[in-house]
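Everything on this sheet refers to the single structure shown next.
Residue numbers begin at 1 in each chain, while the letters A, B, ... track the order of the sequences.
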2 protein chains.
Amino acid sequence: MTARSRSGPEMTAGNDDDELLPRGQRKQRTRDALIDAALQLMNEGRSFNSLGLREITRVAGVVPTSFYRHFKDTNELGLVLVEESGLTLRRMLREARRAGAPVKDMIRRSVRVYKAFVLANRLHFLFVAGERSGGSPVIRSAIRNEVDQFINEMTQDVRHLAIFPNLSPEALRRVCELVVNTMLHAATDVLDLPPGDDALAQAQEDNHVQQVRLIFLGASLWREEIERG
Amino acid sequence: MTARSRSGPEMTAGNDDDELLPRGQRKQRTRDALIDAALQLMNEGRSFNSLGLREITRVAGVVPTSFYRHFKDTNELGLVLVEESGLTLRRMLREARRAGAPVKDMIRRSVRVYKAFVLANRLHFLFVAGERSGGSPVIRSAIRNEVDQFINEMTQDVRHLAIFPNLSPEALRRVCELVVNTMLHAATDVLDLPPGDDALAQAQEDNHVQQVRLIFLGASLWREEIERG
DNA sequence: TCGGTTGGTGGACGTATGTTCACTGATGAA
DNA sequence: TTCATCAGTGAACATACGTCCACCAACCGA
């Protein structure tokens, strides 16, 4: 599976330059339009499994029956969204790996990068954070798998950075799990924050930074044989 | 506002012994039946704002129009649910206060008590954990207020326990916020866990215990002037 | 005892939904 | 050029929804 290429802020199926495209790509276009429509509706405050099939097709600029050419039902579209979001998460990890860990002010810089990434991928984080504990069981468990896998990969990356040589693999994973949970919840804060209020944004960032600092402080001083009791 | 008294696992409006009740109490009965119906539907895996008015009244054993005698719309019922859940949270805090902090094995014991409380109040935690990041904006923000207030009260309680004399009020609140977020997410784990699998439950408990231990370790060693940079 | 108040009923309405079906017109391989 | 394939169409369906209305029966203060 490869990432979709978005064409604009409001994607509908009947674009101007779709006449000259081969059939496969045209199909992919309206498929993308359907997915984007679902994301767009969630961006307006709706939860995924309250979305209707007709509603999605309406926003996508397509007749309801077209939906079935691409998905069996809305749940199947949801699972595709989970997969896409998982790709986004892994892309974040990959970019972080490529950039390397900042040596000075590591945590604050990382939180800033994370926040920027969340805003740049607003819709996916909105979906993940929103449906992770909320919606239909099948989607929830799919998201859980995706996040679990993300935590595993992050654990590997952190291990190679050798920041916490004192931690066993299990303990290190636990630390990563804690950070991921904290930061996924932080994503909701970031996304809910109205833009323009710089002071509030700064206070929020400080809060997130210090929460991670606290976790890292605990992690750096953790001694397996003592704390495990 | 006082807590409702539930009458059974499946509460409907047309109970057997409602003939001899005064009108006010009878009204309260069907109101409770509506609230319980919504909770019951969520317990079956539905998210709140996908619930329909008719659906709720059907489960409550009442005709759809009766709904309007008690709530303006489903959202208003949701806000009542938020308030109820807030009461449950505060009740937990009150009970913990009364029992006092366990001196030995504090964290593990506390996690066990918490887990028991979550299971005993399954529906409220399911609602809070599920709608905290998911559903309609108005309910989400109402829950956020409730949780914020809970964090504040918990901060006061922890302050009086004098566990972290090194922390400023702001830092202590941050620690509580971290613990609450972690434990609210843990509630989802607990509620999703299929019963009977003792080994998995034990592993899950260990995980939660060690996450809190890690936070507490960090908190106990936090030095304001050093870490705030 | 009376009569207003009130919680619950049943029917009806317009509208929205998910799903079906036959159809169309362009695509792309033969 | 021919022709099967197939993404998208439009009409129709049964069903569900939220909301309105008139009505009823029981409660409860007068």
Self-check item: D/dC20 phosphate, OP1 or OP2, under 4.0 Å from B/Y68 side-chain N/O
Solution: no
Quiz item: Hey, is B/R174 close enough to B/E170 for a salt bridge, meaning N to O under 4.0 Å?
Solution: no
Quiz item: Taking atom types as modelled, is there a side-chain donor on A/E177 or B/N207 under 3.5 Å from an acceptor on the other?
Solution: yes
Practice problem: Take the protein atom CG of A/L41 and the nucleotide atom P of C/dT17, then report the distance between them rounded to whole Å. | Solution: 11 Å
Quiz item: Where the side chain of B/R69 is concerned, which of D/dG18, D/dC23, D/dC27 is the nearest nucleotide?
Solution: D/dC23
Practice problem: Measure from NE2 on A/H70 to C1' on C/dT19 and round the result to the nearest Å. | Solution: 16 Å
Quiz prompt | Protein-nucleotide distance (B/N75, atom CG; D/dG18, atom P), rounded to Å | solution = 12 Å
Quiz item: Taking all atoms of both residues into account, what is the closest heavy-atom pair of B/L41 and B/R46, and its distance?
Solution: O-CG, 3.3 Å
Self-check item: Student check: side-chain heavy atoms of B/F71 and B/I35 closer than 4.5 Å
Solution: yes
Quiz item: Tell me: CD of B/E55 to P of D/dG18, nearest whole Å?
Solution: 8 Å
Quiz item: Would one find a side-chain N or O of A/R26 under 4.0 angstrom from OP1 or OP2 of C/dG28?
Solution: no
Exercise. Please state how far atom CD in B/Q25 lies from atom P in C/dG8, giving the value in whole angstrom units.
Key: 13 Å
Quiz prompt | For atom CZ of A/F71 and atom P of C/dG18, their distance in whole Å | solution = 15 Å
Quiz item: Does any N or O donor sit under 3.5 Å from an N or O acceptor when you compare the side chain of B/R54 with the base of D/dG18?
Solution: yes
Quiz prompt | A/D32 CG - D/dA7 C1' separation (whole Å) | solution = 15 Å
Quiz item: Any side-chain N or O of A/T65 less than 4.0 Å from the OP1 or OP2 oxygen of C/dT20?
Solution: no
Quiz prompt | Given C/dG7, D/dG18, D/dA7, the nucleotide with the shortest approach to the side chain of B/K27 | solution = C/dG7
Quiz item: Starting at CD of A/Q28 and ending at C1' of D/dA7, how long is that distance when rounded to a whole Å?
Solution: 13 Å
Quiz item: If you look at every heavy atom in A/L34 and A/F67, which pair is closest and at what distance?
Solution: CD2-CD1, 4.0 Å
